[in-house]
Every structure is written in C-alpha cells, then in structure tokens.
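Just the heavy atoms: all of them, side chains too, but no hydrogens, waters or symmetry mates, feed the values below.
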Amino acid sequence: MTDGSMVLHYAETLMPRKACFVARHLRSPLEFRPIDLGRGEHKDPAFKALNPNGKVPVLVDGDLVLWESDAIMMHLALAAGSDLWPTAAREAVEAQRWLSWAAHEFNPQAGTLYFEHVIRPHFGMGDVDAAADAAARKRTRAGLAVLERHLSGRTMLVGDRLTLADVAVAITFPYAAAAGIPLADYPAVANWNARLEALPFWLDPFPQAAAAH
C-alpha cells in the first residue's frame with residue numbers, strides 16, 4: 001500500500017526522460033526532485049538507500065520505492081487508470097514485447113550513440129569511441145528496419161493509441177539529430193516520430209527546477 005505522496009528523483013538523461021514524460025503526460029500528482037549527476041548526488045548514501053544501483057530515476061510513493069524506468073512508467077499509468085498500459089491481455093503482452101525489445105535490443109544500440117555524442121561532450125568525457133560508434137550505428141539501423149516494417153500502415157506500436165511501448169522504444173529519438181540516429185531514412189519511423197513530437201511534453205519532459213506536479 002502507498003499513502004499517495006509521490007516523489008520522482010530524476011536527472012536530465014535518457015532513462016529518467018521516460019518517467020518524466022509519463023508523469024507530465026498523465027499530470028501525475030508528484031514532486032519532481034532533481035539529482036545532480038555531475039556532483040555525484042546519485043552516489044550519496046541517502047540516495048543509494050533508495051536505489052542501491054545508484055541510478056535515476058527513482059519513484060517514492062508512500063512506502064513503495066521503485067527504480068527502473070519501465071516499472072516507474074507502469075506504476076504511474078496504473079495509478080492514473082490510464083490506457084498507456086493496455087488493459088486487454090493481448091495488447092498488454094504486445095506492449096511488454098516492445099518494452100523488452102527496447103531494453104535488450106534497440107536502446108543499447110541507439111543509447112550508445114546517445115552516450116557517445118550527447119553524454120560524452122556534456123560531461124567532458126573525451127572523444128567519441130569510433131569503434132563503439134560504428135558498431136552501434138550499424139545495429140541501430142537494423143533496429144530501425146524492424147520498426148519500419150512493423151510501423152508501415154500503423155499509427156503507433158500497439159493499436160492506434162500511445163502506450164508505454166512507444167515511450168520506451170522511441171526515447172532516444174529526441175536526441176536523433178545530435179546522436180546521428182538516421183530517422184529520415186525510415187519513412188514510417190519518421191512519421192511515427194512526428195506524431196510523438198506533436199505530443200505535449202515529448203520534447204520537453206523535464207520540469208523546471210522549481211516546478212512540481
């Protein structure tokens with residue numbers, strides 16, 4: 001059981017982006033609490049007591065402490081009674097398939113491009129690893145080809161409405177230009193991305209430091 005008070009610990013990085021978007025999309029009644037990665041706040045004992053992995057995001061909802069962005073997204077959707085997580089069993093299984101694919105296949109590749117071209121320069125971590133970049137670029141294209149086939153003639157990944165599957169799979173796309181993710185080469189993917197970009201908060205999911213929902 002939870003007591004209804006929620007705090008979302010986040011930083012302006014890839015996985016927290018999912019949780020922040022869903023929270024703002026649903027207008028979830030929670031406090032956004034930023035964690036300064038540059039200052040190492042994610043390594044503080046108080047934070048690691050919440051998440052022993054020392055990573056964001058973390059959601060505290062009363063006596064429930066959740067880490068892992070997909071679990072946080074699902075909790076927020078269920079708490080809101082939202083169809084972001086499908087209620088029909090077949091659609092829920094399909095959504096879970098795409099969440100698993102994102103976590104184990106696509107995002108490790110597109111996420112490497114994000115790391116090499118966005119995170120490295122932001123935190124002064126040196127030059128791009130050319131070998132890692134080339135391998136990730138090839139595998140990202142393979143993943144985009146899978147999405148292109150699936151999305152041809154479709155509006156969203158599961159059915160005709162936004163679900164957590166779309167959020168999980170497309171979370172690197174707001175960084176596509178900076179990371180060199182070639183969305184324009186895949187028309188159905190590019191059209192899907194344009195639909196996502198039209199959603200409030202998709203391109204600006206992070207709250208201002210003083211804001212709270």
Side-chain angles (χ1 to χ4, degrees), residues 8-25 32 34-38 42 55-58 67-70 72-73 84 98-148 150-151 156-157 162-209 211:
L8 179 60
H9 301 261
Y10 76 98
E12 294 191 8
T13 52
L14 197 60
M15 292 300 104
R17 190 180 188 101
K18 294 194 289 186
C20 287
F21 167 74
V22 169
R24 298 190 77 193
H25 177 80
F32 291 96
I35 299 296
D36 190 332
L37 302 181
H42 57 303
K55 294 181 178 180
V56 283
V58 175
W67 29 270
E68 294 299 325
S69 57
D70 289 349
I72 291 169
M73 290 197 301
L84 280 180
W98 287 108
L99 263 68
S100 296
W101 183 79
H104 300 293
E105 297 290 339
F106 187 66
N107 285 342
Q109 311 309 325
T112 296
L113 299 180
Y114 162 79
F115 175 79
E116 292 295 336
H117 296 278
V118 178
I119 292 298
R120 273 191 186 276
H122 180 77
F123 288 103
M125 298 172 68
D127 296 335
V128 167
D129 181 328
D133 178 71
R137 197 166 302 281
K138 180 179 179 180
R139 292 169 183 160
T140 296
R141 281 190 171 275
L144 289 169
V146 170
L147 288 171
E148 182 72 12
H150 180 76
L151 285 165
M156 295 290 180
L157 285 177
L162 180 74
T163 67
L164 299 185
D166 301 288
V167 180
V169 173
I171 201 61
T172 57
F173 290 3
Y175 306 98
I181 301 171
L183 300 183
D185 293 348
Y186 303 86
V189 176
N191 289 337
W192 172 54
N193 182 56
R195 287 189 284 274
L196 295 175
E197 288 185 345
L199 296 170
F201 307 119
W202 181 255
L203 293 176
D204 60 342
F206 300 116
Q208 297 296 318

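Contact annotation: the side chain of Leu84 never approaches that of Met73 to less than 4.5 Å [non-hydrogen atoms, C-beta and beyond]. Side chains of Leu162 and Leu199 form a contact here, defined as non-hydrogen atoms less than 4.5 Å apart. Put simply, the side chain of Ser100 does not reach to within 4.5 Å of the side chain of Glu105, judged on heavy atoms. The shortest side-chain heavy-atom distance between Thr140 and Thr112 does not fall under the 4.5 Å cut-off. The shortest side-chain heavy-atom distance between Glu12 and Leu37 does not fall under the 4.5 Å cut-off. The closest side-chain heavy-atom distance from Leu113 to Thr172 is not below 4.5 Å. With a 4.5 Å cut-off on side-chain heavy atoms, Pro57 and Trp67 do not count as touching. When side chains are defined from C-beta on, Trp98 counts as touching Leu147, because their heavy atoms get closer than 4.5 Å.
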Side-chain donor-acceptor pairs of residues 14-23 under 3.5 Å, sequence neighbours excluded:
| unit_1 | atom_1 | unit_2 | atom_2 | d |
| --- | --- | --- | --- | --- |
| Arg17 | NH1 | Tyr175 | OH | 2.9 |
| Arg17 | NH2 | Trp202 | O | 3.2 |
| Arg17 | NH2 | Leu203 | O | 3.2 |
| Lys18 | NZ | Ser69 | OG | 3.1 |
| Lys18 | NZ | Asp70 | OD1 | 2.7 |

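Scanning all heavy atoms of the two residues, the minimum distance from Val118 to Ala178 falls at CG2-CB, 4.0 Å. Of all heavy-atom pairs spanning Ala170 and Trp192, the tightest one is CB-CH2, 3.6 Å. Residues Leu157 and Ala165 come closest through the heavy atom pair CD1-O, 3.6 Å. Between Ala132 and Glu116 the shortest heavy-atom distance is CB-OE2, 4.1 Å. Closest approach of Phe201 and His25 over heavy atoms only: CD1-N, 4.0 Å.
Atoms CG and NZ, on Asp133 and Lys138 in that order, are 14.0 Å from each other to the nearest 0.5 Å. Taking CG from Leu8 and CD1 from Ile35, the interatomic distance works out to 10.0 Å, rounded to the nearest 0.5 Å. Taking CD from Glu197 and CZ from Phe173, the interatomic distance works out to 10.5 Å, rounded to the nearest 0.5 Å.
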### Task
Step by step, work out the side-chain contact (heavy atoms from CB on, under 4.5 Å) result for Phe32 and Arg24.
CA-CA 10 Å; Phe32 291 96; Arg24 298 190 77 193; 3.7 Å; yes
### Task
Could you walk me through whether Ile181 and Tyr114 pass the side-chain contact (heavy atoms from CB on, under 4.5 Å) test, one step at a time?
CA-CA 9 Å; Ile181 301 171; Tyr114 162 79; 5.8 Å; no
### Query
Given Thr163 and Met156, is the side-chain contact (heavy atoms from CB on, under 4.5 Å) satisfied, shown in steps?
CA-CA 8 Å; Thr163 67; Met156 295 290 180; over 6 Å; no
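Checked by atom type and distance alone, the side chain of Arg139 never pairs as donor or acceptor with a backbone atom of Pro108 at under 3.5 Å. A donor-acceptor contact shorter than 3.5 Å links the side chain of Glu148 to the backbone of Val189. Although no hydrogens or angles enter the test, the distance criterion places no donor-acceptor pair under 3.5 Å between the side chain of Arg141 and the main chain of Pro182. In this structure, the side chain of His9 does not engage the main chain of Val56 through any donor-acceptor pair within 3.5 Å.
The residues Asp166 and Arg195 are annotated as not salt-bridged, no charged nitrogen and carboxylate oxygen being separated by less than 4.0 angstrom.
Surrounding CG of Asp127 are at most 12 heavy atoms belonging to other residues, nucleotides or ligands under 6.0 Å away.
Residues meeting the salt bridge (Lys or Arg N to Asp or Glu O under 4.0 Å) test with Lys55, sequence neighbours left out: none.
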